[in-house]
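To keep things clear, I will list the structure first and then write my remarks on it.
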Amino acid sequence: MERKVRVRFAPSPTGPLHIGGVRTALFNYLFARKHGGDFLLRIEDTDQTRFVPGAEAYIIEALNWLGIGYDEGPGKEGEHAPYRQSERKPMYRQYADQLIASGHAYYAFDTPEELEEMRERMTRAGNTSPAYNFITRMSMKNSLTLPAEETERRLAAGEAYVVRFKVPRNEEVRFEDIIRGVVVVHTANMDDKVLFKSDGMPTYHLANIVDDYLMGITHVIRGEEWLPSAPLHVLLYQSLGWGDVMPAFAHLPLILKPEGNGKLSKRDGDRLGFPVFPLEWKDPISGEISSGYRERGYFKEAVINFLALLGWHPEENREIFSLEDLCEQFSLERVSKAGAKFDYKKAIWFNQQYLRSLSNEELAEAALPYAEKAGYTTDKIYLARVCGLMKERAEFIADLVHNGKFLFEAPTVYDEPTLQKKVKPETRRQLEALLDITRQYGNNSAEMEAATKKWMEEHKIGFGAIMPVYRILLSGEGAGPSIFDMVALLGAEASVTRVQAGMERFSSLFA
């Protein structure tokens with residue numbers, strides 16, 4: 001009988017959720033929805049020294065904002081609760097004991113100084129990658145080298161220890177990765193990882209495997225930085241007798257810097273001016289604030305669409321996908337092995353596409369807080385008309401108001417260099433004629449455009465000779481939406497008043 005698909009996103013609460021982590025969560029969510037399965041959130045907080053207050057709440061808020069909510073997890077307790085590893089602490093001990101009893105793990109009592117001495121000794125012997133492994137384990141202080149009664153005495157005395165996995169000698173670990181194909185690693189290249197500590201806390205490796213097994217996880221979809229750990233995880237499944245229910249693995253490609261080589265980092269975002277976190281984050285210790293996609297004004301749909309195409313290639317030759325489309329079309333087989341270059345300009349492009357897809361009324365609803373913050377008192381009907389004029393030139397909702405400020409108030413700053421270049425002796429006379437046309441037809445964009453073009457043809461005046469001057473006096477700027485549409489929105493009378501005020505301000509140019 002085929003098992004129900006169950007996947008998990010398992011971040012550590014050590015800070016804000018990186019956009020690469022968001023993509024991992026998204027791909028897990030899409031895979032679960034595609035196959036009618038469950039998407040779990042598990043907080044992997046076994047390393048309490050790196051715990052950051054507020055990080056878990058941030059992760060949950062980010063997922064909820066993006067619309068990729070989980071089926072089970074903190075606050076949505078299911079039969080496999082709890083979903084924080086720190087709250088599952090009592091259940092890991094038995095599996096460490098099971099591995100010791102079966103000969104697949106052992107107690108190690110080595111001090112930090114003894115471990116460092118071993119590394120130095122191996123380095124002096126020419127080993128460039130010293131490790132605690134099948135070569136060095138028999139010269140160290142552990143239950144493999146100590147008499148059984150000595151091991152028991154140390155344990156009874158409460159001496160600090162760790163439980164290490166005993167990697168088998170001279171074996172090949174082979175597994176199939178859905179994205180990368182068959183992966184083969186020789187155990188000679190593996191070390192005896194720590195699985196459990198004497199404080200009762202498991203390391204990531206043991207807790208991860210135990211939780212995935214107990215929660216019935218069928219597919220582990222995670223970043224490729226975990227690929228080196230996968231052979232150990234395969235051995236753990238086999239050593240615990242769970243080989244027949246071992247999940248399928250899929251290791252996602254890295255998200256790379258926009259420029260140069262390497263993994264995308266916060267420094268790249270700071271340097272190039274784009275967020276690397278979904279939401280704004282205030283560091284509880286330093287107070288430093290890092291920007292987020294939500295606060296920058298990105299549509300959550302645009303962020304989802306952009307991230308989905310970082311490493312995944314749809315069958316169709318298209319770029320715009322709703323979340324429902326993605327759930328239907330996503331497949332791990334079409335995820336690339338190669339790293340995906342992060343193109344922040346493409347993220348802006350996606351935001352533009354979603355902005356332009358909204359009706360003027362929807363945009364007005366979204367833009368109203370920005371208009372009110374700027375001190376513009378306006379009704380939604382007028383604001384919707386403003387949005388209609390500005391939407392093709394906006395990247396974010398805020399741009400509709402900020403870039404279109406001349407539609408709310410008369411300009412106080414003008415593009416003077418262009419005015420000085422464009423104004424000629426005959427310009428004043430031509431403007432007066434245009435103002436007459438404005439008074440007569442300015443309340444109707446099409447009529448004013450037709451009358452203006454007729455007048456230009458009759459007087460053999462080029463559009464570039466007079467209209468840039470008219471635009472600057474009307475809006476203060478040398479570029480923008482259609483002049484005729486602006487006049488119709490502002491109204492004939494208000495437009496004439498603005499142009500006349502501009503001519504008065506620059507009276508020396510129009511003498």
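Model, not experiment: these values are computed from the prediction. Along the sequence shown, the residues carry numbers beginning at 1.
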Donor-acceptor contact below 3.5 Å, side chain D45 vs main chain S86: yes
On the 0 to 90° scale, with breaks at 30° and 60°, tag the Y204-H233 ring pair as parallel, tilted or perpendicular. tilted
Donor-acceptor contact below 3.5 Å, side chain K166 vs main chain N133: no
Can you pull the side-chain hydrogen bond (donor to acceptor under 3.5 Å, both in side chains) pairs that have at least one residue in residues 339-351, sequence neighbours excluded? E319-K346
Cation over ring, R294 on Y298, under 6.0 Å and within 45°? no
What closest approach, in Å, do S239 and H104 show between heavy atoms, and which atom pair accounts for it? OG-CD2, 3.4 Å
Close aromatic pair by centroid cut-off 6.0 Å: W281 and Y58: yes
Check whether N305 reaches the backbone of A302 with its side chain - one donor and one acceptor, N or O, closer than 3.5 Å. no
May I ask you to decide if M140's main-chain N or O and T145's side chain share a donor-acceptor pair within less than 3.5 Å? yes
For the aromatic rings, using the six-membered ring if either is Trp, is the centroid distance between Y95 and W242 under 6.0 Å? yes
For R6 and M215, indicate whether the former's side chain and the latter's backbone hold a donor-acceptor pair under 3.5 Å. yes
Assess the pair F175 and F249: is the distance between their ring centroids shorter than 6.0 Å? yes
Which word best sums up how the rings of F306 and F342 line up, parallel for under 30°, tilted for 30 to 60°, or perpendicular for over 60°? perpendicular
Pair listing, side-chain hydrogen bond (donor to acceptor under 3.5 Å, both in side chains) test, anchored in residues 7-21, at least two apart: R8-D212
So, using side-chain contact (heavy atoms from CB on, under 4.5 Å) as the criterion, who are the partners of T111 when residues are at least two apart? E113, E114
What distance separates L17 CG from I60 CD1, expressed to the nearest 0.5 Å? 11.0 Å
Short question: side chain of K141, backbone of F109 - any donor-acceptor pair under 3.5 Å? no
Output yes when a side-chain donor or acceptor of R23 lies under 3.5 Å from a complementary backbone atom of L307, and no otherwise. no
Let me have the donor-acceptor pairs involving side chains of residues 395-406, under 3.5 Å, with sequence neighbours excluded, atom names and distances please.
from	atom 1	to	atom 2	distance (Å)
D399	OD2	E395	N	2.9
D399	OD2	F396	N	2.9
H402	ND1	A398	O	3.4

Contacts satisfying side-chain hydrogen bond (donor to acceptor under 3.5 Å, both in side chains) that involve residues 176-198 (not counting sequence neighbours) are Y106-D192, R137-D192, N170-H186, D177-H251, R180-E224, D191-K193
Could you walk me through whether V210 and R88 pass the side-chain contact (heavy atoms from CB on, under 4.5 Å) test, one step at a time? CA-CA 10 Å; V210 170; R88 299 170 64 82; 5.6 Å; no
I19 versus P278, closest heavy-atom pair with distance: CD1-N, 4.5 Å
Centroid-centroid under 6.0 Å between F330 and F27 rings: yes
Quick one: is the NZ or CZ of R356 closer than 6.0 Å to the six-membered ring centre of Y354, and within 45° of its axis? no
Lys/Arg cation over aromatic Y161: R154, 6.0 Å, 45° cone: no
Using the side chain to side chain donor-acceptor pair (under 3.5 Å) criterion, which residues pair with D71? Sequence neighbours excluded. R33
Minimum heavy-atom separation for A250 and L332, please, with both atom names. CB-CD1, 4.0 Å
